[in-house]
Amino acid sequence: MAARTPAGVVEERGTGSAAVPLPRVGPDSDAGSARARSRVERWTTGRWLAVVSGVALLVLATLGVVGGWTLAHSSSVTSDMVDHTSPALVNSVRLEMAVINQETGVRGYALSGRRTFLQPYTQGLADEKTALTAIRTAITGDRRAEADLQQMLDRVRDWQLAIAEPVAGASPSAVRSLGPGQVEAGKTSFDRIRKAAATQQDHLRAERSAARQRLSHTTRLRDWIFAATALVILLLAVLAVEGLRRGITSPLLRLSRDTRKVSDGDFGHAIEATGPADLRGLGDDVETMRRRLSQELAASNLAHRLLTEQAEDLQRSNSELEQFAYVASHDLQEPLRKVASFCQLLERRYASELDDRARTYIGFAVDGANRMQTLINDLLAFSRVGRLHNDQVPVDLAQIHDATVDALAVAVEESGAEITRTELPTLTGDTTQFGMLFQNLLSNAIKFRRPDHPPRIHVSAEPDGDLWRFSVTDNGIGIDREFSERVFVIFQRLHTRDTYEGNGIGLAMCKKVVELHGGTIGVDPEHSPGTRVDFTLPAAPAAPSGPATGPATAPEADA
């Protein structure tokens, strides 16, 4: 009987003297199995391949060693049988036949007295030496065979000394006197030789039979080992294919299938990671990427929805702005014209009844109405930039520059300005907007001149990668560094209306035009004296315009 202890150890109990041990079970064994599984699950594809390849190579090496030993043993057994056992048996028979020939020649000579009968005896002696040399070579190291050979040689020597040599050496007349007794004694001695030869040959046959059995056994063992090697190689190949299918191919196919589902638009499809540790890591990385893409897509959809709502709001706002522009251009300007007209009519009709203060107040009212009307017109012009005029056609900036200078001819003549330029390119954009850009920049350079110096204005352009960089440089009053950004804000003025006229919309208009065309604009704070306005425009595949021109003029604008 067996009982489980609280610690999970199984005790062995039985009626006999020995108890059969039972396996240990419990939390400790479960934890050990879990740790083992955890270690195996951390194996990568490379480690699996290394371990499996190592085991396969070890099995094949073992089979190769056993097969090599079998071949060597088979070769050794074959060599022993071919080079020792069989030659020893054959030469033992030859030795026996040589001795028999000697006995035949001696007996014939003894009975007949004729020396011709000694010819077998003489040939037998020669054959004996040849067979003896061969058999000694074949049985080298075999003590029993050497003992059998020595026993036979001793008996052959005894027979030769006692019978063969005396008979062969006697004369024909003397050999007859030996009589039948000598012949009978020779027969008894020769029977002993036959018995020794039979013993030797029996031993050699037994050894050859044992060698054949060993060779047969070794051959069967070799065939079994080769068959087992072929079977193991086939089994290893099947296991390798199945292992690659389960461990690599199938996980990769599942990962590819899940990835295609995600790439086809099913971003909510989870990617299952299986296989070795590195393939599971790859699957986890792809799953993390899928989740990130899903989150990014959700955020993008939300942003797109918000942008759509903002675009709708912007469209409504633009519609309201257009309605406002219509109201401003018609409904707001008409009351302003009435205010100015009736104030002027009041001044003319009741001039004799008004004092100087009343005329001053009327002048302020008329001036305010006029300025209000000018601001409305400027605001309408600013709102139309990019809305009413936004064609994208090749524009020759040299022609735009020259046309602007011609339009400013009166201001150029009154101020004595000199306007020059370098070669200007042809770019893609809106002709009207480029005209506004050059008109405001050139008119500002003329307007904000120093009283004692005629304006000197230079327009230049040079390529800068995918852009063209333009500069409008003058020798005017300049702009302080602290105001280099403020001057591009709409209706921002740096001077009073008494000093310089205008509403402060010119450079704001320039900034809007440049940014609508994908460029940037700014004031160079390092340039002195005067002002340098730098702006960029995207390059277009067109050649620069003609050569630079001399002095020219343009219409007025304000900063």
Side-chain angles (χ1 to χ4, degrees), residues 27 30-54 238-322 385-387 390 392 428-429 464-467 511-522 536-541:
D30 294 341
S33 299
R35 286 194 296 270
R37 288 195 301 269
S38 177
R39 287 194 296 269
V40 172
E41 288 175 354
R42 289 197 297 268
W43 285 15
T44 62
T45 305
R47 189 170 184 180
W48 273 110
L49 290 176
V51 171
V52 173
S53 300
V238 173
L239 291 177
V241 172
E242 182 65 16
L244 289 175
R245 186 187 68 82
R246 293 191 177 188
I248 299 178
T249 306
S250 294
L252 285 177
L253 288 176
R254 285 193 292 269
L255 179 60
S256 177
R257 183 177 62 250
D258 293 341
T259 305
R260 280 196 300 270
K261 289 183 179 180
V262 175
S263 64
D264 290 339
D266 187 6
F267 295 101
H269 179 73
I271 295 177
E272 181 182 1
T274 58
D278 49 353
L279 291 184
R280 292 199 308 274
L282 176 61
D284 293 338
D285 292 339
V286 175
E287 171 64 13
T288 301
M289 180 176 66
R290 182 198 66 81
R291 292 178 181 176
R292 180 65 180 274
L293 289 176
S294 180
Q295 295 173 358
E296 294 291 339
L297 179 62
S300 177
N301 290 335
L302 178 60
H304 182 267
R305 187 165 57 253
L306 293 177
L307 286 176
T308 301
E309 294 175 356
Q310 292 176 359
E312 293 175 354
D313 293 340
L314 182 60
Q315 187 175 4
R316 287 193 298 268
S317 177
N318 288 338
S319 178
E320 294 173 356
L321 181 60
E322 291 180 359
V385 173
R387 186 166 56 89
N390 194 22
Q392 296 296 314
T428 301
D464 185 7
D466 295 335
L467 301 173
K511 182 178 181 182
K512 188 173 183 180
V513 170
V514 171
E515 291 180 350
L516 284 174
H517 286 80
T520 59
I521 189 170
T536 61
L537 292 173

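When a residue number appears, it is its place in the shown sequence, counting from 1. Please read these numbers as outputs of a predicted model, since none were measured by experiment. Keep in mind that the numbers below use all heavy atoms, side chains included, and drop hydrogens, waters and symmetry copies.
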(message) For Glu242, give me all partners under salt bridge (charged side-chain N to carboxylate O under 4.0 Å, His left out), at least two apart in sequence or on another chain.
(response) Arg245, Arg246
(request) Report the residues that fulfil salt bridge (charged side-chain N to carboxylate O under 4.0 Å, His left out) with Arg254, sequence neighbours left out, ordered by chain and then residue number. (result) none
(request) Calculate, to the nearest 0.5 Å, the distance between atoms NZ and CZ belonging to Lys261 and Arg257 respectively. (result) 6.0 Å
(request) Determine, stepwise, if the pair Leu516 / Lys512 fulfils side chain to side chain contact (heavy atoms under 4.5 Å, CB included). (result) CA-CA 6 Å; Leu516 284 174; Lys512 188 173 183 180; 4.1 Å; yes
(message) Rounded at 0.5 Å granularity, tell me how far CG in Asp264 sits from OG1 in Thr259.
(response) 10.5 Å
(request) To the nearest 0.5 angstrom, please state how far the CG atom of Asp464 sits from the OG1 atom of Thr536. (result) 8.5 Å
(message) Rounded to the nearest 0.5 Å, what separates atom CD in Glu312 from atom CD in Gln310?
(response) 10.5 Å
(request) Mind listing the closest non-hydrogen atom pair of Ala270 and Arg290 along with its distance? (result) CA-NE, 3.9 Å
(request) Using modelled atom types only, decide if a donor and an acceptor are shared between the side chain of Ser263 and the backbone of Arg260 within a distance under 3.5 Å. (result) yes
(request) Taking all heavy atoms of Pro538 and all of Gly519, pick out the closest pair and write down the distance. (result) CD-N, 4.4 Å
Quick one: side chains of residues 300-307, donor-acceptor pairs under 3.5 Å with protein atoms, not counting sequence neighbours, listed by atom name and distance.
unit_1	atom_1	unit_2	atom_2	d
Asn301	ND2	Leu297	O	3.2

(message) Once rounded to the nearest 0.5 Å, what's the spacing between atom CZ of Arg292 and atom CG of Asp285?
(response) 13.5 Å
(request) Supply the atom-to-atom distance Leu467 CG to Thr520 OG1, rounded to the nearest 0.5 angstrom. (result) 7.5 Å
